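Chain letters run A, B, ... following the sequence lines, proteins first and then strands; every chain starts at 1. From a predicted model like this one, the values you see are computed outputs, not experimental measurements. All values below come from the heavy atoms of this structure, side chains included, with hydrogens, waters and symmetry mates left out.
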Protein chains: 2
Amino acid sequence: MAKSSVSKLVPKVPPLPSVPGMSRRQQFSASTKKTLIEVAEKLFTEHGYASTSLDAIVAGAEVTKGALYHHFSGKQALYEVVFEKVEAATAQSIDAAMRETKDPWEQARAGLRTFLEAVQQPTYRRIVVQEGPSVLGYQRYREQEERSTFTVVEDIVAAVLRAGDRSVDDEMVATFARLFFGAMSAAGESVTEASDPEDAADRIELAVTYLLTGVRTLAEQGVRVEDMR
Amino acid sequence: MAKSSVSKLVPKVPPLPSVPGMSRRQQFSASTKKTLIEVAEKLFTEHGYASTSLDAIVAGAEVTKGALYHHFSGKQALYEVVFEKVEAATAQSIDAAMRETKDPWEQARAGLRTFLEAVQQPTYRRIVVQEGPSVLGYQRYREQEERSTFTVVEDIVAAVLRAGDRSVDDEMVATFARLFFGAMSAAGESVTEASDPEDAADRIELAVTYLLTGVRTLAEQGVRVEDMR
DNA sequence: TATTGAACATACCAAGGGTATGGCCAATAC
DNA sequence: GTATTGGCCATACCCTTGGTATGTTCAATA
């Protein structure tokens, strides 16, 4: 019964580059927390929230539930941390892509294209789009979303809209942003599930471009959103 | 301990209008199944899938788990039946609204408006939009969807697009339909959650009208989707 | 050196989905 | 009319799993 009861407080690979402001103990702690998050992200992506047991997560991280519940208040809280991490990464990548150019229309195209790419990533799809609203509840889902990716999309939409019609108010911008955000999220699923994803992505871009061109044309003709009433 | 062990095979209210083709036993059975579905729909809508226990469902239907597992293979199968029921009802209501008029553009507006209304119903929101993809898995979700509501939306989109540009193929129609479907689904959540839902719904309609007008304008100018390449 | 508390491990509990089994009675056969 | 069968459902039980309660270790501070 010499069951190897190793790994007490001795991670197999101690974080080598000693972080200045942290004690050894704090570094070990941060390491286990980080590992838990990473393993959870992987398993949640692969099997979904309900089908991923905490036992599987702690086994993957080579710790026990005691460690998990020390760092997180429960399964949902852990999921929320993973969710935020994925959201933040996505928002940042979109933001970076937009800074490549200065022209509003080109920024918009770059941003939307990057968003379309992001929304095809398995992790973002599963954790944010597919299971986010269900696991977090729509309220919290939306709160999180509005602190990262959605806001980026909203900025894009605002730039496009106001380039042609400076009279649209913030609420109207938010409305258009909601529509675009929903459209692109659905597009991501559609593209990924298609028999020829690349072809599907091209069609999405084509359709979005057509819609944007329509908006642009209306703007050039002096037709304002308010004129629709 | 005279615990009333009633309701063996004696429903409190036997289905009065004797259905011709069914025996009494079959009618009782159908009644039990129907009740289970109705109770499940109610509880799933109010508390969500995960937070609704089978015990709560069978208690609400005044039966036991034996009855439930006789009619359904499990919790998810029951959910799927509820899902189909909700989807069918929604598709039918949209379809009915569209038959009110004959003009393609008016049909489209009527259809989209009805869809926007449907997508605000608590049952459709919770069971189809919010938890559908998560509970059924995206694959099955999409299969179900394409057998009812999505197809109706697709027909609307096809009519609008081809009214201006007869050259768009089926795949392109499907692409636009995906975008619109996603946009409207997200819109439903947005509207319901808004402080002033009516006002929010008006803005959605305004935005959609603007986008459609853009499409219409392009079509009138002879600009085709393929020209975007 | 003593003490404290962060960072875990271990053992346990209760809820809930699913299963195995059996009983009852309407429908059918004879 | 009697016997038999199978659909319909109830009861009892199992097992996974999220969560909790308690114990243990050891680095950091006094």
Side-chain angles (χ1 to χ4, degrees), chain A residues 1 3-12 14-15 18-19 21-37 39-40 43-44 47-80 135, chain B residues 3-12 14-15 18-19 21-36 39-40 43-44 47-80 135:
Chain A
M1 286 300 192
K3 187 70 182 303
S4 70
S5 175
V6 195
S7 84
K8 278 292 182 182
L9 254 178
V10 189
K12 33 256 82 178
S18 256
V19 183
M22 295 174 84
S23 68
R24 275 173 48 85
R25 194 183 178 87
Q26 286 174 322
Q27 289 181 42
F28 287 152
S29 174
S31 170
T32 44
K33 184 171 184 179
K34 183 161 175 263
T35 303
L36 279 169
I37 294 174
V39 172
L43 293 181
F44 282 148
H47 312 299
Y49 180 78
S51 299
T52 300
S53 69
L54 294 185
D55 286 334
I57 294 176
V58 297
E62 297 183 81
V63 291
T64 64
K65 282 208 280 194
L68 194 155
Y69 275 91
H70 175 74
H71 288 288
F72 310 95
S73 62
K75 189 180 184 182
Q76 184 163 337
L78 172 57
Y79 187 87
E80 197 155 342
V135 175
Chain B
K3 187 73 183 305
S4 70
S5 173
V6 195
S7 85
K8 278 292 183 182
L9 252 176
V10 188
K12 37 254 79 175
S18 256
V19 183
M22 296 173 81
S23 69
R24 272 172 50 84
R25 193 182 179 86
Q26 285 175 323
Q27 289 181 43
F28 286 153
S29 174
S31 169
T32 304
K33 186 171 184 177
K34 183 161 174 260
T35 303
L36 279 169
V39 171
L43 294 181
F44 283 147
H47 312 298
Y49 180 79
S51 298
T52 299
S53 69
L54 294 184
D55 286 335
I57 294 175
V58 298
E62 298 181 82
V63 292
T64 65
K65 282 207 283 192
L68 195 154
Y69 274 90
H70 175 74
H71 288 288
F72 309 95
S73 62
K75 190 181 184 181
Q76 184 163 337
L78 172 57
Y79 186 89
E80 197 156 341
V135 175

(Q) Side chain of A/A67 only, heavy atoms from C-beta on: which candidate in D/dC9, C/dG17, C/dA9 is closest? (A)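 In terms of side-chain proximity for A/A67, the closest of D/dC9, C/dG17, C/dA9 is C/dA9.
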### Task
Give the nucleotide from the list C/dC8, C/dA9, C/dG16 with an atom nearest to the side chain of A/H71.
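Nearest to the side-chain atoms of A/H71, counting from C-beta on, is C/dC8.
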Expressed in angstrom and rounded to an integer, what is the separation of [X] atom [atom1] from [N] atom [atom2]?
{"X": "B/L68", "N": "D/dC8", "atom1": "CG", "atom2": "C1'", "result": "13 Å"}
{"X": "B/K65", "N": "D/dA12", "atom1": "NZ", "atom2": "C1'", "result": "11 Å"}
{"X": "B/Y69", "N": "D/dG7", "atom1": "OH", "atom2": "C1'", "result": "20 Å"}
{"X": "B/L54", "N": "D/dC14", "atom1": "CG", "atom2": "P", "result": "19 Å"}
{"X": "A/Y79", "N": "D/dG18", "atom1": "OH", "atom2": "P", "result": "14 Å"}
{"X": "B/H70", "N": "D/dG7", "atom1": "NE2", "atom2": "C1'", "result": "6 Å"}
{"X": "A/L78", "N": "D/dT17", "atom1": "CG", "atom2": "P", "result": "16 Å"}
{"X": "A/D55", "N": "D/dG18", "atom1": "CG", "atom2": "P", "result": "7 Å"}

hbond_proxy B/K75 side chain to C/dG16 base (donor-acceptor, 3.5 Å cutoff) = no
Next on the checklist: Are B/T64 and B/V58 packed together at the side-chain level, in the sense that at least one heavy-atom pair is separated by less than 4.5 angstrom?
Outcome noted: no
Approximate separation, where rounding is to 0.5 Å, of [X] [atom1] and [Y] [atom2]:
{"X": "A/T32", "Y": "A/H70", "atom1": "OG1", "atom2": "NE2", "value": "8.0 Å"}
{"X": "B/K65", "Y": "B/D55", "atom1": "NZ", "atom2": "CG", "value": "5.0 Å"}
{"X": "A/F72", "Y": "A/L54", "atom1": "CZ", "atom2": "CG", "value": "11.0 Å"}
{"X": "B/K75", "Y": "B/T52", "atom1": "NZ", "atom2": "OG1", "value": "6.5 Å"}

| query | So what does A/S53 hit on the nucleic acid, given a heavy-atom distance under 4.0 Å: a base, only sugar-phosphate, or nothing? | reply |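 Result for A/S53 = sugar-phosphate.
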Check your understanding: Across the strands shown, which category fits A/T52 at heavy-atom distances under 4.0 angstrom: base, sugar-phosphate, nothing?
Key ->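 If one applies the 4.0 Å heavy-atom cut-off, A/T52 turns out to touch the sugar-phosphate alone, with no base involved.
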Can you tell me if A/T32 touches the phosphate of C/dC8, counting only side-chain N or O atoms and a distance under 4.0 Å to OP1 or OP2?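 For A/T32, the contact criterion (side-chain N or O under 4.0 Å from OP1 or OP2 of C/dC8) is met.
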For this session: For A/Y49 and for A/G66, locate the closest nucleotide of DNA chain D by heavy-atom distance; then report the residue assigned to the nucleotide nearer the 5' terminus.
Result: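 Result: A/Y49.
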